[in-house]
Amino acid sequence: MSRYNLEGKVALVTGAASGIGEGCARWLAQAGAAVGIADLNLAGAQQVAASIAAEGGRALGVAMDVANEDAVNAGIQHTVDVFGSIDILVSNAGIQIVHPIEEFTFNEWRRVQSIHLDGAFLTTQAAIRHMYSSGRGGAIIYTGSVHSHLASKLKSAYVAAKHGLLGLARTVAKEGAQRGVRAYVVCPGFVRTPLVDKQIPEQAKTLGLSEEEVIRQVMLKDTVDGQFTTIDEVAEVVTFLASFPGNALTGQSFVVSHGWFMQ
């Protein structure tokens, strides 16, 4: 039984067919929320939704390309049509491309920005309209990163995008407060998802290190315990924020990084 109570709430999580997004969707469902599992991979989203339903939760697979305005609006409207509202948005979808800045193509740069920033804007805009019109308000939670606060080599596009989420969340917090909408950024350290696993050999090749050295000397060297952040650790913070009442924490970022970055 969850320590959080989201009974009667409806959440939509983007990038939820795997990784952090899937973990957040499962935690929100365990707390009682009905959850839209939004992902470009509809079959994967439907599989996660079926798994949640088999455990007694309510979930719906939703096809969504977060960089496509029509797809975002249609996916969020479908979730509202099925479940009746949208109270929680977890804007989580993201990608990673790793290059020295002089080797980044403009198309690669734009792809990272479109998924992280355009996607966050489009899903926010679609969700907040429902939050406002329903009079229920809600919580909008962005998956940022330690790279929302720090920079690392080879990640110019990702770092720029993750920094941008802080500005978006703070603006949403200011605009939404009078209508009951709160906004947060959850900033994980390195989590062993497919996104991170893909980076390890890429960074090893670029930096001339072994994969084990990339893990120890690049990814985890500044943590207090040499440990990866877990999906459950991130998902619990998201669920806590989704259930937290009032505006006391709105506009804030919450770093979940085993001490890598301390605010």
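The structure displayed is predicted, hence computed values, not measured ones.
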Above 12 or not: heavy atoms from other molecules or residues under 6.0 Å from CD of Gln178?
-> no

Leu241-Ile20 co-clustered via ILVMFWY side chain contacts under 4.5 Å | yes

Over 12 non-hydrogen atoms of neighbours within 6.0 angstrom of CD in Gln47 | no

Going by heavy atoms in the side chains, are Gln77 and Asp81 under 4.5 Å from each other?
-> yes

Ser152 and Tyr158: side-chain donor and acceptor closer than 3.5 Å?
-> no

Within one Ile-Leu-Val-Met-Phe-Trp-Tyr cluster: Val72 and Ile86, side-chain cutoff 4.5 Å | yes

Smallest separation among heavy atoms of Ala17 and Gly44, with atom names | CB-C, 3.7 Å

Evaluate the side chain to side chain contact (heavy atoms under 4.5 Å, CB included) criterion for residues Leu207 and Gln217: first the C-alpha distance (whole Å), next the side-chain angles of each, then the deciding distance (0.1 Å), finally the verdict.
-> CA-CA 11 Å; Leu207 297 173; Gln217 298 178 21; over 6 Å; no

Work out which heavy atom in Leu6 is nearest to a heavy atom in Ala242; give both atom names and the distance.
-> CD2-O, 3.8 Å

Between Val146 and Ser257, the two heavy atoms sitting closest are CG2-CB, 3.5 Å

Do Val234 and Leu28 share a hydrophobic cluster (ILVMFWY, side-chain heavy atoms under 4.5 Å, transitive)?
-> yes

Take Met64 and Ile76, measure what side chain to side chain contact (heavy atoms under 4.5 Å, CB included) needs, and give me the verdict at the end.
-> CA-CA 9 Å; Met64 187 179 291; Ile76 288 181; 4.0 Å; yes

What heavy-atom pair brings Leu12 and Ala38 nearest, and what distance separates the two atoms?
-> CD2-CB, 4.0 Å

Sequence neighbours left out, what pairs pass salt bridge (charged side-chain N to carboxylate O under 4.0 Å, His left out) with at least one residue falling in residues 191-200?
-> Arg192-Asp197, Lys198-Glu202

Looking at side-chain heavy atoms only, is the closest gap between Lys155 and Gln199 below 4.5 Å?
-> yes

When you measure from the side chain of Thr229 to the backbone N and O of Val191, does any donor-acceptor pair fall under 3.5 Å?
-> no

From the list Val159, Leu165, Leu166, side-chain contact (heavy atoms from CB on, under 4.5 Å) partner of Lys162 resolves to Leu165

Any donor and acceptor pair, going by atom type alone, linking the side chain of Gln113 with main-chain N or O of Ala157 inside 3.5 Å?
-> yes

OG of Ser18 to CG of Asp39: how many Å apart, nearest 0.5 Å?
-> 6.5 Å

Is the closest side-chain donor-acceptor distance between Asp87 and Ser85 under 3.5 Å?
-> yes

Output the distance between atom NZ (Lys9) and atom OG (Ser243), rounded to the nearest 0.5 Å.
-> 10.5 Å

What residue pairs, at least two apart or across chains, pass ring pair (Phe, Tyr, Trp, His ring centres under 6.0 Å) with a residue in residues 174-213?
-> Phe190-Trp260

Evaluate side chain to side chain contact (heavy atoms under 4.5 Å, CB included) for Ile37 paired with Val13, printing each intermediate quantity in order.
-> CA-CA 6 Å; Ile37 311 296; Val13 184; 5.8 Å; no

pair Leu220-Gln227: side-chain heavy atoms closer than 4.5 Å = no

If only atom types and distance count, is the side chain of His147 paired as donor or acceptor with the main-chain N or O of His163 below 3.5 Å?
-> no

Got a second to check how far Ile200's CD1 is from Met219's CE, nearest 0.5 Å?
-> 4.5 Å

Taking Thr250 for the side chain and Ala173 for the main chain, is one N or O donor matched with an acceptor at less than 3.5 Å?
-> no

Sub-3.5 Å donor-acceptor pair from the side chain of His78 to the main-chain atoms of Ala74, do we have one?
-> no

State, with a plain yes or no, whether a side-chain heavy atom of Thr14 is found less than 4.5 Å away from one of Asn92.
-> yes

Would a distance-only check, ignoring hydrogens and angles, find a side-chain to backbone donor-acceptor pair under 3.5 Å from Arg111 to Ile97?
-> no

Give the minimum heavy-atom separation between Ala169 and Ala183, together with the two atoms involved.
-> O-CB, 3.4 Å

For Gly226, does its backbone N or O pair with a side-chain atom of His258 as donor and acceptor, under 3.5 Å?
-> no

Under a 4.5 Å side-chain heavy-atom rule over Ile, Leu, Val, Met, Phe, Trp and Tyr, are Phe228 and Val256 clustered together?
-> no

State the CZ-CG distance between Phe83 and Leu60, to the nearest 0.5 angstrom.
-> 5.0 Å

Step by step, would you call Tyr4 with Gln30 a side-chain hydrogen bond (donor to acceptor under 3.5 Å, both in side chains)?
-> CA-CA 9 Å; Tyr4 307 102; Gln30 288 166 7; over 6 Å; no

Pro201 versus Glu211, closest heavy-atom pair with distance = CB-OE2, 3.5 Å

Could you tell me whether the side chain of Gln252 and the main chain of Leu249 form a donor-acceptor pair under 3.5 Å?
-> no

Given the rule that I, L, V, M, F, W and Y join up when any side-chain heavy atoms are under 4.5 Å apart, are Leu168 and Met131 in one cluster?
-> yes

Quick one: CD1 on Ile128 to CD1 on Ile140, what's the gap to the nearest 0.5 Å?
-> 4.0 Å

Can you tell me how far CZ of Phe104 sits from CG of Asn107, rounded to the nearest 0.5 angstrom?
-> 12.0 Å

Any donor-acceptor pair under 3.5 Å linking the side chain of Glu103 with the backbone of Pro100?
-> no

Count the heavy atoms of every other residue, nucleotide or ligand shown that sit under 6.0 Å from CZ of Arg110, and state whether that count exceeds 12.
-> no

Just do the side chain to side chain contact (heavy atoms under 4.5 Å, CB included) check on Thr79 and His130 with the steps written out, would you?
-> CA-CA 11 Å; Thr79 304; His130 288 286; over 6 Å; no

Indicate yes or no for a side-chain donor-acceptor contact from Asp65 to the backbone of Leu40 under 3.5 Å, with no hydrogens or angles considered.
-> no

